[in-house]
There are 2 protein chains.
Amino acid sequence: MKDGYIDFANSNVGAKLVNALGLPKPMPLERYQAGQPVVKGTVLVGGGGEPQMLEALAGVFQRIGVQTLAHERLPQWVAVANKAGLTTGRWGNNGQPGEKVKALVFDATGLTDSTQSDALYWFFHDAARSLLPCGRVVVLGRPPEACTSPRQATIQRGLEGLTRSLGKELKKGSNAQLVYVAEGAESQVESTLRFLLSPRSAYVSAQVIRIGAPVGDNVAPANWDQPLAGKKVLVTGASRGIGAAIAECMARDGAHVIALDVPQAQEGLNEVAKQIGGTALALDIGSPEAPQKLVDAAKADGGWDVVVHNAGITRDKTIANMKEHLWQLVMNVNLSTQERINEALVESGALKTGGRIVCVSSISGVAGNMGQTNYAVSKAGVVGMVQASAPIFAEKGITINAVAPGFIETAMTAAIPFAIREAGRRMNSMSQGGQPIDVAEAIGWFASPASAGITGNVIRVCGQSLIGA
Amino acid sequence: MKDGYIDFANSNVGAKLVNALGLPKPMPLERYQAGQPVVKGTVLVGGGGEPQMLEALAGVFQRIGVQTLAHERLPQWVAVANKAGLTTGRWGNNGQPGEKVKALVFDATGLTDSTQSDALYWFFHDAARSLLPCGRVVVLGRPPEACTSPRQATIQRGLEGLTRSLGKELKKGSNAQLVYVAEGAESQVESTLRFLLSPRSAYVSAQVIRIGAPVGDNVAPANWDQPLAGKKVLVTGASRGIGAAIAECMARDGAHVIALDVPQAQEGLNEVAKQIGGTALALDIGSPEAPQKLVDAAKADGGWDVVVHNAGITRDKTIANMKEHLWQLVMNVNLSTQERINEALVESGALKTGGRIVCVSSISGVAGNMGQTNYAVSKAGVVGMVQASAPIFAEKGITINAVAPGFIETAMTAAIPFAIREAGRRMNSMSQGGQPIDVAEAIGWFASPASAGITGNVIRVCGQSLIGA
């Protein structure tokens, strides 16, 4: 759906009015187009303490083919980068900024005590104004829960305050993320950095991502523009809206998509499947037979690689006004069916080793919402399912993660009354709603065969919505 | 500070205007007064599956001296309650509501599968309209991370979606909380239920609390109106604002308070100390000698029982405009000093076995804030410190927890420009700012000798602010 205000605020007349009235200034977000470079500009690299990710970073940047520069407090970057075959140089001089850059990457894995925090200050103080529009900030740290000393855990946990504040300060379509990399998992970061540094993460901001030891093999795609080549991907609720965008995105990334929706949506479903050269599968996933039918379909197909649980419904009423069958319906479709289907697909082997399950939670599952007790229980339950299933499915070499969308421009949100819709659109760090493709890109990141180190994560696609818990 | 809008919205003329314009309707919140009953009304009890907390609940209600009623889907409550010496009866009949009640307590520990969620529906559907103003909702569950089956973890995690949604739906000054009780820790809930069911928790809503095995002994106070009788409590930053309120609250609850502030604040400090019969201690906690000085002072005092790290400062600027010494100052006062002081007090034994450390984080530490990178890192770091220190201090029989205030009415927030202040005041489920006493009451709950089962918790005092992460 179209948000006319973005165009208006960026027109000649509109920009003047918006400035004069102090209105929000949404910037048209850059979005991924196949064939374009991952990072449209230079990456400035910094670090504090004795940073432990530099060699891994240099390798990733070399493979991405991006130019890097060293902040003056990380002079050792030049040698590390050169060794990896990167041309690089120093950025700025005596506190004077250097050229404008597209991304700021700070390796904070070496911070072991809060008294070292000025390393964060110097890097972001010097560089904040030198970030190009739609810029990227990535801070790498160690997961606090795995730190051996409380002092280390404390400063590592403090990084969340930094990235969440930067997400609110940077404006101009830039975002900021925190990536906790477990010790020994340094080699697992490539798919994540490619996602975060590229326009694929346009509407993801202020998220905390945890990367650990690989679940099964981490397989780098032969072609990073087609990371899902040869993969069979089931997408539920695929006949329209976000589900159709997911199906299209997966197909664009090389997958053969099995597009599923209820029989009543057969027409739209066929259209989506035809357009992307996929297969249409009309099935009511809420029915008791659905899990076995899916197992059979997958096995007939030689097994599936990815399952995306996008199908979900709302039946909003305050709890006092809600009917029991609508509570049950929402719980069944949004949560219980997914539990049954996951168990059936994983236990039968119909979802192959190296498989990926991606669920869809919601900002309402995180923060709760008036009139959505049923929906919020189901979507908070999805978070529980992802976290509790991750270690169990890992034994089969399968990851499970979730995206939690905020305000996404769809036919559904277009039907929301004007004032509430405007509030939803503007109350985030991007001052705009996200697009269905933004949800799809995040799902694609989880679905990648190179994302073996990512499981049990729940990542919001919400432009850093103000709303949370 | 006074929020005149609350009085206005509750006046005859104002209420009409507020209704006509659809403006927020903040209700004057009931607050605790010594000697009043814990619960001013009846508690309606419900449960799902095979609830495991009923006997523990009956014991607590009996000691509190509160009347309970059984929801029709928990008929077994009558027998359990009678056995504990409670007079009780059934509430409602065939879906018709019974009398108005002050609190809804739902034992969800028996829910092991999402298909059982209709138990939640029936209880809250039937009872939502029967909750009196400034009512209380408490849902008891099992911590998802400790559940043995993913199905159980999933529905238990889903409870968060319920309580957070109810917090937004209930209005009229009511709140809703989720209490996860570890298996075997059923006997540890009394201090928490007394806090949550009473007006002491007026501005706490939609929080998730974890109760586990006791750290050291759980000592029930001889007199629950004086839970800190005989205790020596250090409160930093005690000369004014929230710190003074904490000192007063601890003294009201029976403690001897050591009120600490910087030497420049000596006058206000002396006044506070005099008023509450406490001791004034002028000391710059940011100085390198502070930890040892505090150890010496505590030992000269025969040891302290509770330390409240309330002292904190802000020095707000965007990261690009910030000076390094202001970054360092905030980090040192708000975080590094607390790390040093905690270690010194715990290791030396100056903080006694059975001791309590209570820290103050912030909504900015949770969600980040524009212009507060330094403050947000320090306050997110406090969360890390609490979580990482809890298991280590537990070995010494000491708990550590934090409160994270939202918008609290103080001289500081009174100085905020009108429009921003109004937004901060209204953007929460109570449509009003909190009072310093609300922060103090939550600290008192953590500080209680009966709160041995609570450590590593970070609880917001924010009226369920819309703002989060």
Side-chain angles (χ1 to χ4, degrees), chain A residues 114-115 117-118 120-122 124-125 128-129 144 147 150-151 153-169 206 318-320 322 324 327-328 331 335-336 339 364-365 367-373 376-381 383-385 387-389 392 466-469, chain B residues 114-115 117-118 120-122 124-125 128-129 144 147 150-151 153-169 206 318-320 322 324 327-328 331 335-336 339 364-365 367-373 376-381 383-385 387-389 392 466-469:
Chain A
S114 63
T115 55
S117 77
D118 55 337
L120 302 168
Y121 168 79
W122 284 118
F124 289 104
H125 169 74
R129 287 209 186 91
C147 290
R151 291 278 186 115
T154 298
I155 183 59
Q156 290 294 328
R157 182 62 176 73
L159 298 174
E160 247 195 79
L162 177 73
T163 50
R164 292 192 193 279
S165 296
L166 288 175
K168 293 184 178 182
E169 274 188 29
T318 62
I319 185 81
M322 195 177 287
E324 194 218 1
W327 174 283
Q328 292 278 21
M331 284 297 295
L335 183 59
S336 305
E339 296 181 277
S364 292
N369 199 9
M370 174 148 31
Q372 294 201 311
T373 45
V377 171
S378 73
K379 293 300 190 178
V383 175
M385 180 176 69
Q387 293 174 338
S389 304
I392 293 168
L466 207 62
I467 299 171
Chain B
S114 63
T115 54
S117 77
D118 55 337
L120 302 167
Y121 168 79
W122 284 117
F124 290 104
H125 169 74
R129 286 210 187 89
C147 289
R151 292 277 186 116
T154 298
I155 184 61
Q156 290 294 326
R157 181 62 176 73
L159 297 173
E160 247 196 79
L162 178 73
T163 51
R164 292 192 193 277
S165 296
L166 288 174
K168 293 184 177 182
E169 271 188 32
T318 61
I319 186 80
M322 194 176 288
E324 194 216 0
W327 174 282
Q328 292 279 21
M331 284 297 297
L335 183 58
S336 304
E339 296 180 279
S364 292
N369 200 8
M370 175 149 27
Q372 295 200 311
T373 45
V377 172
S378 73
K379 293 300 191 178
V383 174
M385 180 176 71
Q387 292 174 338
S389 304
I392 292 168
L466 207 60
I467 298 171

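Because only heavy atoms are used, hydrogens play no part in the values below, and waters and symmetry mates are left out as well, while side chains stay in. Protein chains get the first letters and strands the later ones, always in sequence-line order, with residue 1 at the start of each.
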Please test Gln372(A) against Ser165(B) for side-chain hydrogen bond (donor to acceptor under 3.5 Å, both in side chains), starting from the C-alpha separation and ending with a verdict. CA-CA 7 Å; Gln372(A) 294 201 311; Ser165(B) 296; over 6 Å; no
Whatever's closer than 4.5 Å to a heavy atom in chain A on Gln328(B) counts as side chain
Interatomic distance, CG@Leu162(A) vs CG@Leu120(A), rounded to 0.5 Å, equals 5.5 Å
For Thr373(B) and Glu169(A) the tightest heavy-atom approach is CG2-OE2, 3.7 Å
Whatever's closer than 4.5 Å to a heavy atom in chain B on Glu339(A) counts as both
Note: Ala367(A) and Gly468(A) closest approach over all heavy atoms is CB-O, 3.4 Å
d(Ser336(B) OG, Ile155(A) CD1) to nearest 0.5 Å is 7.5 Å
Greatest number of non-hydrogen atom pairs under 4.5 angstrom with chain B, of Pro144(A), Ala469(A), Ala376(A), falls to Ala469(A)
Answer key: most heavy-atom pairs under 4.5 Å with chain A among Ser389(B), Ser378(B), Gly371(B) is Gly371(B)
Given Pro150(B), Ser114(B), Gly384(B), Gly167(B), the one with more heavy-atom pairs under 4.5 angstrom with chain A than any other is Ser114(B)
Per-residue tally against chain A (heavy atom, under 4.5 Å) across Met385(B), Arg157(B), Arg129(B), Glu160(B) peaks at Arg157(B)
Honestly, the part of Ile392(A) sitting under 4.5 Å from a heavy atom of chain B is side chain
State, with a plain yes or no, whether a side-chain heavy atom of Ile319(A) is found less than 4.5 Å away from one of Leu166(B). yes
Honestly, the part of Ala206(A) sitting under 4.5 Å from a heavy atom of chain B is neither
Applying a strict 4.5 Å limit to non-hydrogen atoms, the region of Ala128(A) in contact with chain B is side chain
Checked Ala388(B), Cys147(B), Ala320(B) vs chain A; the most non-hydrogen pairs under 4.5 Å come from Ala320(B)
- Where does the angle between the aromatic ring planes of Trp122(B) and His125(B) fall among parallel (under 30°), tilted (30 to 60°) and perpendicular (over 60°)? perpendicular
Value for OG1 (Thr318(B)) from CZ (Phe124(A)), rounded to nearest 0.5 Å, stands at 14.0 Å
Turns out that what part of Met331(A) lies under 4.5 Å from chain B's heavy atoms comes down to side chain
Among Glu324(B), Met370(B), Met322(B), the residue with the most heavy-atom pairs under 4.5 Å to chain A is Glu324(B)
